[in-house]
Protein chains: 2
Amino acid sequence: MVNQASESTQESPSDMPAEISGLRMTRQRWEVYRLLLEQRDHPTANDVFMRVKDRLPNISLATVYNCLEALVQHGAIRQVNFERESSRFCPNLEEHGHFHDKRSGTIHDVTFKPGVQLADVLELPPGTLITDIEITLRGELPTAHS
Amino acid sequence: MVNQASESTQESPSDMPAEISGLRMTRQRWEVYRLLLEQRDHPTANDVFMRVKDRLPNISLATVYNCLEALVQHGAIRQVNFERESSRFCPNLEEHGHFHDKRSGTIHDVTFKPGVQLADVLELPPGTLITDIEITLRGELPTAHS
DNA sequence: AGCTTGTTCAAGAATAATTCCAATTTTCAT
DNA sequence: ATGAAAATTGGAATTATTCTTGAACAAGCT
Ligand SMILES: [Mn+2]
Ligand SMILES: [Mn+2]
Ligand SMILES: [Zn+2]
Ligand SMILES: [Zn+2]
């Protein structure tokens with residue numbers, strides 16, 4: 001009588017690629033990735049979990065963590081940390097930093113001015129190999145009426 | 001017969017100031033602070049706990065966390081985060097970033113080249129107020145023989 | 001010195017983000 | 001279809017950090 005396991009097998013959307021950056025795509029990975037592309041507000045794993053339930057009601061939080069980790073490790077998205085808060089996730093693969101606006105609580109991507117290389121403005125021993133850079137800013141964006 | 005509670009009251013070292021940056025000094029806070037000044041390798045709270053036991057055998061990990069938090073909040077030291085690892089602590093109050101050398105696992109302070117202001121090289125809306133900056137690099141320092 | 005009051009400390013419990021685990025389900029290649 | 005490999009799930013475990021509570025302490029006052 002109870003409709004048990006009736007939605008266990010889910011059909012793949014027609015626009016789902018077989019893989020992204022060498023990572024085999026699954027329905028869950030695809031929906032997580034798609035959500036990040038469409039809602040670029042740097043959600044946490046739990047945010048993603050709650051949002052993606054619309055499309056995958058049976059997905060588990062562990063799977064969301066698994067998907068995010070797989071996407072990060074294959075370079076399809078980036079993991080962003082603010083202090084000790086929950087990690088956030090960002091699909092912008094350009095080199096960029098993050099500005100946390102205290103007033104609104106929102107997080108914004110920040111790029112370098114054209115031509116600037118961070119390594120050029122830092123005091124580093126010649127020959128230093130930089131593999132990863134993280135820039136985080138906190139402050140207040142200007143208000144519209146000022 | 002057992003020397004019980006004999007070291008309960010600890011005398012303050014003669015070089016301990018009454019306060020630092022407006023924070024009332026205590027024996028525990030002083031020893032934690034002094035250790036950070038003397039061993040500038042960006043230790044974790046647990047590192048500090050283990051090291052400071054030499055001088056304060058009865059200190060608790062909770063107290064180390066309390067001392068570090070008090071020192072951070074009064075601007076006497078800085079809290080540094082790498083990804084999701086344990087926080088580390090740094091007594092260098094100059095504006096600087098951190099370079100994590102993958103080869104040795106060590107962490108090094110990195111300053112800007114003279115005259116460079118980070119805000120100058122970033123694309124930010126005019127009027128943006130920056131209150132806090134965090135720069136983290138990962139990579140490999142050049143080897144001596146190369 | 002004794003009393004009062006606010007602060008700090010220690011020990012252990014609680015919290016919360018994340019990771020791990022074992023069992024099932026799905027996918028992929030034969 | 002069959003078997004192997006990989007992914008998903010729900011729940012337990014982990015771990016850095018925070019919280020709680022009572023004892024110890026420091027400072028100010030009489
Ligand atoms: Mn959120
Ligand atoms: Mn350590
Ligand atoms: Zn971003
Ligand atoms: Zn530092």
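Protein chains get the first letters and strands the later ones, always in sequence-line order, with residue 1 at the start of each.
Picking from C/dA11, C/dC28, D/dA16 the nucleotide with the shortest atom distance to the side chain of B/Ser86 gives D/dA16. Picking from C/dC9, D/dA7, C/dT18 the nucleotide with the shortest atom distance to the side chain of A/Arg29 gives D/dA7. Residue A/Arg84 has its side chain nearest to D/dT17 when only C/dG12, D/dT17, D/dA7 are considered. Closest to the A/Thr63 side chain, of the nucleotides C/dT18, C/dA10, D/dT9, is D/dT9. Set against D/dT17, D/dA7, C/dT8, the side chain of B/Thr26 has C/dT8 as its closest nucleotide. Taking only side-chain atoms of B/Gln28, from C-beta outward, the nucleotide of C/dC9, C/dT7, D/dC19 with the closest atom is C/dC9.
Between the CE atom of B/Met16 and the P atom of C/dT8 there is a distance of 12 Å, given to the nearest Å. Atom P of nucleotide C/dC9 and atom CZ of B/Arg55 are separated by 17 Å, given to the nearest angstrom. For the pair A/Glu83 CD and D/dA16 C1', the computed distance is 15 Å after rounding to whole Å. Between the CG atom of B/Leu61 and the P atom of C/dT8 there is a distance of 18 Å, rounded to whole Å. Distance, A/Leu68 CG to C/dT19 C1': 14 Å, rounded to whole Å. Remark: P of C/dA11 and CD1 of B/Ile59 are 10 Å apart, rounded to the nearest angstrom. Remark: C1' of C/dA17 and CE of A/Met50 are 14 Å apart, rounded to the nearest angstrom. One atom, CG of A/Leu56, and another, P of D/dA7, lie 16 Å apart when rounded to the nearest Å.
Residue B/Tyr65 places at least one side-chain N or O closer than 4.0 Å to OP1 or OP2 of D/dT17. The side chain of B/Ser87 contributes no N or O atom lying less than 4.0 Å from OP1 or OP2 of D/dA16. Between D/dA16 and B/Thr44, no contact under 4.0 Å exists linking OP1 or OP2 to a side-chain N or O.
A/Asp41 and A/Arg51 make their closest contact through OD2-NH2, 2.8 Å (heavy atoms, listed as atom of the first residue, atom of the second, distance).
Judged purely by distance below 3.5 Å, without hydrogens or angles, the side chains of A/His98 and A/His108 never pair a donor atom with an acceptor atom.
Note on A/Asn66: a base of the nucleic acid sits closer than 4.0 angstrom, heavy atoms only.
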Step by step, would you call B/Arg55 with B/Glu31 a salt bridge (charged side-chain N to carboxylate O under 4.0 Å, His left out)? CA-CA 8 Å; B/Arg55 288 170 170 276; B/Glu31 294 297 349; 3.8 Å; yes
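Salt-bridge formation is detected for the pair A/Glu140/A/Arg103: a Lys NZ or Arg NE/NH1/NH2 atom is positioned less than 4.0 Å from an Asp or Glu carboxylate oxygen.
Remark: of the listed residues B/Thr106, B/Asn92, B/Asp109, B/Asp109 is the sole one forming a side chain to side chain donor-acceptor pair (under 3.5 Å) with B/His42.
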